Amino acid sequence: MARIIVVTSGKGGVGKTTTSAAIAMGLAKKGHKTAVIDFDVGLRNLDLIMGCERRVVYDFINVVNGEATLHQALIKDKNCSQLYILPASQTRDKDALSKEGVEKVLEELSKTFKYIVCDSPAGIEKGAHLAMYFADDAFVVTNPEVSSVRDSDRMLGLMSSKSRRAEQNQEPIKEYLLLSRYSPDRVKLGEMLSVEDVQEILSLPLLGVIPESKSVLNASNAGIPIILDEKSDAGQAYADIVARYLGEDKPHRFIEDKKGFFGKLFGGK
Amino acid sequence: MSTDDQTTAYNAPVLEFKSGSFSVPALILSGNDLQLIEQQLQDKIRLAPEFFKNSPVIIDLKELTRQSLNIDIALITEIARKLGLLPIGIRGGTLQQNKEALDLRIPVYSNNSRTTATGTQIATQTTPDVSQKKDAVPTAMVITQPIRSGQRLYAHGDLVILAQVSAGAEILAEGNIHVYGALRGRALAGVQGNTDARIFCTHLQAELISIAGNYKISEDLAKTIYNKPVHIYLKDYTLVIKEL
Ligand SMILES: Nc1ncnc2c1ncn2[C@@H]1O[C@H](COP(=O)(O)OP(=O)(O)OP(=O)(O)O)[C@@H](O)[C@H]1O
Ligand SMILES: [Mg+2]
């Protein structure tokens with residue numbers, strides 16, 4: 001049985017797609033057969049960040065509607081043979097997805113994949129609901145600002161009441177906090193919430209802090225998931241996150257100002 | 001009464017319409033086997049005969065409708081009456097069922113009319129669940145998960161929360177409220193008018209607190225009690241907040 005991970009946030013533009021691409025690649029590179037699904041119907045972003053936009057023939061909606069088989073629609077990643085991408089449709093609207101359709105696709109994927117990563121659209125409407133409905137684990141991507149934290153809280157509430165696990169009285173979805181676009185200098189200036197602030201408000205286990213980093217934009221322009229840029233701080237942050245998720249004990253990094261003396265000595269700790 | 005000398009007769013009003021809100025138990029059906037329903041209902045009533053005797057009840061058909069199971073309104077109301085209940089309405093039924101009900105002069109309530117029901121659930125498809133016995137009388141509702149922004153929780157008795165209540169969440173209880181964690185949202189105790197209801201919490205950061213309709217908003221709360229363990233009660237219609 002596959003483990004279904006939803007990458008969600010409520011608020012838009014916080015780094016869900018960046019995170020989905022990075023962790024899917026990270027899990028695949030560790031040898032786990034992984035599929036990553038773009039639930040953002042109508043926008044189609046994931047294939048750009050994964051650098052496979054020119055190889056899209058069929059998409060998620062085609063599979064849901066029976067117009068293509070899963071096998072036809074899945075795109076094999078060019079960097080990692082364990083990773084497959086199921087792109088969203090750019091031409092349909094979000095009503096094209098149904099709970100039954102999504103369930104069918106996830107069930108079929110579950111037969112052969114170890115992890116299924118669902119890149120949720122922003123908001124709390126249908127698309128975001130479907131992306132989280134069948135999840136086992138939730139990666140809640142939050143930026144260190146009040147509105148993002150509040151939206152994450154809202155999303156957590158929905159997951160605890162409107163998911164399949166909640167409706168069937170099963171063990172709840174396992175929720176993890178990913179604090180993204182963090183910059184210690186701005187926290188120091190009081191312009192951003194600190195890790196402790198966010199954790200106190202959300203009371204969630206912290207899976208990792210991803211620093212604000214120019215390398216993210218460069219990577220996404222190049223169509224390469226940031227985790228493959230092993231020199232970048234954001235890439236390392238995602239590598240840590242994948243390792244922690246898989247049970248490795250890694251101390252948290254990127255919380256303190258990296259320009260400090262000790263930071264330089266210990267590689268950004 | 002009237003002292004004017006006009007010729008038209010003046011009658012003092014003998015009636016008026018007022019909206020009221022009453023707490024009525026809902027009988028939530030999840031199966032349509034009449035024999036099973038009768039048997040399980042009888043078992044439940046036996047647990048608290050005084051509680052159910054002549055009790056008004058709303059028959060909730062939402063789950064049946066969801067499962068496309070039909071049930072005859074005349075027959076189900078007859079069963080309820082036979083067992084001493086007084087059905088005063090249905091909700092969540094199909095158009096056909098609504099019509100049947102109205103033909104029998106039984107009111108039809110809208111599904112989302114803010115439920116005042118105490119939710120006595122009857123599961124007739126699965127094997128009877130013994131744990132449901134506790135539904136018969138409202139006792140404390142105990143919640144161990146955080147109440148998140150946008151969530152709303154209503155308890156017919158006391159409400160005990162062993163986690164945080166986020167900003168933007170709302171908890172309501174007809175009885176007392178206890179929050180063992182940060183209370184950042186809105187907390188309303190004694191919502192059916194119980195002025196003896198109280199609120200207890202370990203970390204007061206609430207957006208609003210209210211007892212029997214007497215409320216204070218975050219701005220009214222003194223800084224000295226912020227994030228403190230407190231006990232809130234009503235004295236002469238004003239809220240008193242005491243540090244614990
Ligand atoms: N750690 C980071 N440092 C700097 N920029 C980042 C970081 N993470 C994401 N970004 C940038 O933020 C923008 C939004 O990222 P992304 O598309 O991943 O967010 P999203 O949550 O998927 O957005 P949407 O809600 O629109 O789907 C992109 O331009 C991305 O390059
Ligand atoms: Mg996105």
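Note that the structure is a prediction, hence the values are computed from the model and not measured.
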Residue among B:Gly168, B:Ala169, B:Ala167, B:Gly181 with most heavy-atom pairs under 4.5 Å to chain A:
B:Ala167
Considering only heavy-atom distances, could you tabulate the donor-acceptor pairs under 3.5 Å between chain A and chain B?
residue  : atom : partner  : partner atom : Å
A:Asp153 : OD1  : B:Arg148 : NH1          : 2.9
A:Asp153 : OD1  : B:Ser166 : OG           : 2.9
A:Asp153 : OD2  : B:Ser149 : N            : 2.5
A:Asp153 : OD2  : B:Ser166 : OG           : 2.8
A:Gly157 : O    : B:Gln151 : NE2          : 3.0
A:Ser160 : OG   : B:Gln151 : NE2          : 3.3
A:Glu200 : O    : B:Arg184 : NH2          : 3.4
A:Glu200 : OE2  : B:Arg184 : NH2          : 3.4
A:Ile201 : O    : B:Gln164 : NE2          : 2.9
A:Leu202 : O    : B:Arg148 : NH1          : 2.8
A:Leu202 : O    : B:Arg148 : NH2          : 3.1
A:Ser203 : OG   : B:Gln164 : OE1          : 3.4

Using non-hydrogen atoms only, which part of B:Ala182 is less than 4.5 Å away from chain A: side chain, backbone, both, or neither?
neither
A quick test of your reading: do over 12 heavy atoms of other residues, nucleotides or ligands sit less than 6.0 Å from CG of B:Leu95?
no
Which portion of A:Ile124 sits near chain B, non-hydrogen atoms under 4.5 angstrom:
neither
